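For clarity, every value in this text was computed on a predicted model and none was experimentally measured.
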Amino acid sequence: MRSIRGAIRSGALLLGVSGTIVGPAQARTAPTPIAHRGTGTTRVSARDPEGEIPHAGTEPDLRHLVADLLGVGPDELVPEASLIDDLAADSLDLMELAVVIESTFGITLTRHRMDEVRSYRDLLDTVMESVERGRARELVLTPGLGVKSRLVPPGASEATLERADALTAYVIQTIREDAMGARPGTHLEVTLPAEASTVDLASVRDALAGLGRRGIAVSVRFDAPVSAAIPV
């Protein structure tokens, strides 16, 4: 699907417009470019043994960007704040916001997805999901390994979905999408072979950590090594 940026660019060409789109509130100043603090990078942070600190700079960066573009205070960006009703953003403001977000975070926001955004929480969830999808696609993992995953519903002991696949970025993305369709309280268990590296473990944890915001508990661990046979 075409991104918001592409849609605006096409519209501007049809109208013979050159230059940057400016919202109706002409007094608003353009946002100061944000220095990326690792957002969207494939570098793995191993500071947290549970891998629960990915995208630490995404929300502050997004808050700063939205506040500057809409001319509001950062403290007004509470999760339930309506972008239109509470922050007085119009459709052009939202389109401009989408373009700047795409450029800042290196992601693509479809028109369909942006049409579903109503509150600041919706916007944050949309941006975080896009960033996380990008990170999962860009994973560099040790080739030739396998991965097992289980989705266990809340209160259950048996899995409703199990996978055993090659350890690739595509498979990790598939596991993530499986979990996103599960209800809150579900436990996603991911097991890597004993010969996988700690970088593999940290990479997978980093790619899946955002599921916690959806109420999905995630555990990623090494499989227990097979004990050597003892000769009789």
Side-chain angles (χ1 to χ4, degrees), residues 1-15 17-34 36-41 54-138 173 176-177 179-181 184 207 209-216:
M1 299 178 65
R2 289 183 2 182
S3 69
I4 295 293
R5 183 189 309 169
I8 291 181
R9 182 181 294 116
S10 298
L13 290 174
L14 288 173
L15 293 173
V17 177
S18 62
T20 303
I21 294 176
V22 179
Q26 297 295 332
R28 294 178 185 168
T29 57
T32 303
I34 298 173
H36 292 200
R37 294 192 293 270
T39 302
T41 181
H55 322 309
T58 301
E59 197 283 331
D61 282 352
L62 181 65
R63 178 178 295 269
H64 176 71
L65 185 154
V66 174
D68 275 4
L69 268 177
L70 299 185
V72 300
D75 57 335
E76 296 181 62
L77 297 176
V78 294
E80 63 274 13
S82 167
L83 298 178
I84 295 176
D85 297 333
D86 298 324
L87 305 179
D90 60 23
S91 58
L92 187 57
D93 290 328
L94 297 180
M95 292 175 70
E96 182 182 4
L97 184 61
V99 171
V100 178
I101 288 174
E102 286 190 329
S103 175
T104 299
F105 295 101
I107 59 178
T108 297
L109 300 174
T110 65
R111 181 184 294 273
H112 172 73
R113 190 68 181 91
M114 284 301 295
D115 284 344
E116 297 176 343
V117 170
R118 297 290 183 271
S119 65
Y120 178 66
R121 184 194 301 276
D122 295 339
L123 182 63
L124 177 60
D125 285 346
T126 297
V127 172
M128 293 291 282
E129 288 170 8
S130 296
V131 170
E132 288 158 9
R133 281 197 301 270
R135 289 173 68 93
R137 285 194 299 268
E138 295 168 1
Q173 177 66 10
R176 181 178 178 277
E177 290 174 355
M180 288 179 65
L211 291 169
R213 292 182 293 106
R214 290 179 168 268
I216 307 298

Checklist entry - Between CG of L97 and CE of M114, what distance do you get to the nearest 0.5 Å? => result 6.0 Å
Checklist entry - Between E102 (side chain) and L109 (backbone), is there a donor-acceptor pair under 3.5 Å? => result yes
Checklist entry - How close do G73 and A67 get, heavy atom to heavy atom, and via which atoms? => result C-CB, 4.3 Å
Checklist outcome for this item: In this structure, CG of L123 is separated from CG of L83 (nearest 0.5 Å) by 6.0 Å
Item to check | Atom pair OG (S119) and CG (D85), whose distance is rounded to the nearest 0.5 Å | outcome: 11.0 Å
Checklist entry - Under 4.5 Å between any side-chain heavy atoms of T126 and I101, yes or no? => result no
Checklist entry - Does any non-hydrogen side-chain atom of L87 lie less than 4.5 Å from one of L77? => result yes
Next on the checklist: Closer than 3.5 angstrom, by distance alone: can the side chain of R118 be matched with the main-chain N or O of D115 as a donor-acceptor pair?
Outcome noted: yes
Next on the checklist: Donor-acceptor pair, distance only, cut-off 3.5 Å: does the side chain of D86 make one with the backbone of S82?
Outcome noted: yes
Next on the checklist: Between R63 and P74, is there a side-chain heavy-atom distance shorter than 4.5 Å?
Outcome noted: yes
Next on the checklist: Which heavy atom of L94 sits nearest to which heavy atom of A89, and what is that distance?
Outcome noted: CD2-CB, 4.0 Å
Next on the checklist: Is there a side-chain contact between D93 and I84 in this structure, where contact means two heavy atoms from C-beta onward sitting under 4.5 Å apart?
Outcome noted: no
Checklist outcome for this item: dist M128:CE -> R121:CZ (nearest 0.5 Å) comes out at 12.5 Å
Item to check | Heavy-atom side-chain proximity of V99 to M95 below 4.5 angstrom | outcome: no
Checklist entry - Do the non-hydrogen side-chain atoms of T58 and F105 ever get within less than 4.5 Å of each other? => result yes
Checklist entry - Does D125 reach the side chain of R214, with side-chain heavy atoms less than 4.5 Å apart? => result no
Item to check | Heavy-atom check, side chain of R176 versus side chain of E129, under 4.5 Å | outcome: yes
